Amino acid sequence: MSNKLSIVTIAAELRPFSQAGGVADVSAQLSKALHRLRHDVTVVTPLHGSIDHERHKLQQIAENIPVTIDETGMRYVNFWKSELLDGLPVYFIDNPKYFSSHKRIY
């Protein structure tokens with residue numbers, strides 16, 4: 001494909017990992033469709049507390065990475081990885097204050 005794009009999608013929820021409504025379905029289907037068109041697609045989503053690490057074969061790839069929130073604060077996050085389809089990576093941002101200690105998405 002001569003017009004191959006590198007695309008990053010950021011989704012608050014992503015099926016089958018996390019779902020509260022239709023956003024999860026749309027996020028997953030759009031990413032899969034772009035991948036099937038042979039674009040380089042990467043998905044980024046929060047690591048919600050309801051996500052089953054073993055079932056989705058999550059692998060931790062980085063830990064305690066400092067992220068500046070604003071001029072007054074910084075948070076440390078971990079990054080995890082899985083795949084939506086073969087060759088379609090999903091990166092999860094893990095921070096207990098915002099995501100991973102909560103069982104509900106919103």
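On a predicted model such as this, the values are computed, not experimentally measured, just so you know.
- Using a distance-only test at 3.5 Å, with no hydrogens or angles considered, a donor-acceptor pair links the side chain of His102 to the main chain of Lys97.
- Taken from CG in Leu84 to CG in Leu14, the straight-line distance is 5.5 Å, to the nearest 0.5 Å.
- Residues Ala11 and Ser27 come closest through the heavy atom pair CB-OG, 3.4 Å.
- Residue-environment remark: CG (Asp70) exceeds the threshold of 12 foreign heavy atoms within 6.0 Å.
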Please lay out, stage by stage, how Leu88 and Lys32 fare under the test side chain to side chain contact (heavy atoms under 4.5 Å, CB included).
CA-CA 8 Å; Leu88 175 49; Lys32 289 176 182 180; 4.3 Å; yes
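- For the atom pair Asn78 CG and Gln60 CD, the distance stands at 5.0 Å (nearest 0.5 Å).
- If you take CD1 on Ile93 and CG on Asn95, they are separated by 9.5 Å, rounding to the nearest 0.5 Å.
- Centroid-to-centroid, the aromatic rings of Phe99 and Phe92 stay 6.0 Å apart or farther.
- In the hydrophobic clustering of this structure, Leu85 does not group with Val26; members are Ile, Leu, Val, Met, Phe, Trp, Tyr whose side-chain heavy atoms approach within less than 4.5 Å, directly or through other members.
- Between Ser82 and Leu58, the closest heavy-atom pair is CB-CD1, 4.0 Å.
- At least one donor-acceptor pair closer than 3.5 Å links the side chain of His39 to the backbone N or O of Leu5.
- Listed here is the closest heavy atom pair of Arg38 and Lys4: O-CE, 3.1 Å.
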Show your reasoning for whether side chain to side chain contact (heavy atoms under 4.5 Å, CB included) applies to Ile61 and Tyr91.
CA-CA 9 Å; Ile61 58 170; Tyr91 293 94; 3.5 Å; yes
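- Residues Val8 and Val77 share a hydrophobic cluster, clusters being chains of Ile/Leu/Val/Met/Phe/Trp/Tyr side chains in contact below 4.5 Å.
- In this structure the side chain of Ile7 reaches within 4.5 angstrom of the side chain of Thr9, judged on heavy atoms.
- Using a 4.5 Å heavy-atom threshold, the side chains of Val67 and Met74 count as separate.
- Between Ser18 and Ile105, the shortest heavy-atom contact is CB-CD1, 3.7 Å.
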Which is it for Val90 and Lys81 under the side chain to side chain contact (heavy atoms under 4.5 Å, CB included) test, yes or no, and what are the steps along the way?
CA-CA 6 Å; Val90 178; Lys81 183 179 180 184; over 6 Å; no
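- Rounding to the nearest 0.5 Å gives a distance of 11.5 Å between NE2 of His48 and CG of Asp94.
- Cluster membership for Ile10 and Ile65, using ILVMFWY side-chain heavy atoms within less than 4.5 angstrom, is shared.
- There is no side-chain donor-acceptor pair under 3.5 Å between Glu63 and Tyr76.
- Going from atom CZ of Arg75 over to atom CD1 of Ile69 covers 6.0 Å, rounded to the nearest 0.5 Å.
- Considering CG of Leu30 and NE2 of His35, their distance stands at 13.0 Å, rounded to 0.5 Å.
- A continuous path of Ile, Leu, Val, Met, Phe, Trp and Tyr side chains, each step under 4.5 Å between heavy atoms, connects Phe79 with Tyr98, placing both in one hydrophobic cluster.
- Between the side chain of Glu13 and the main chain of Ala24, a donor-acceptor pair closer than 3.5 Å is present.
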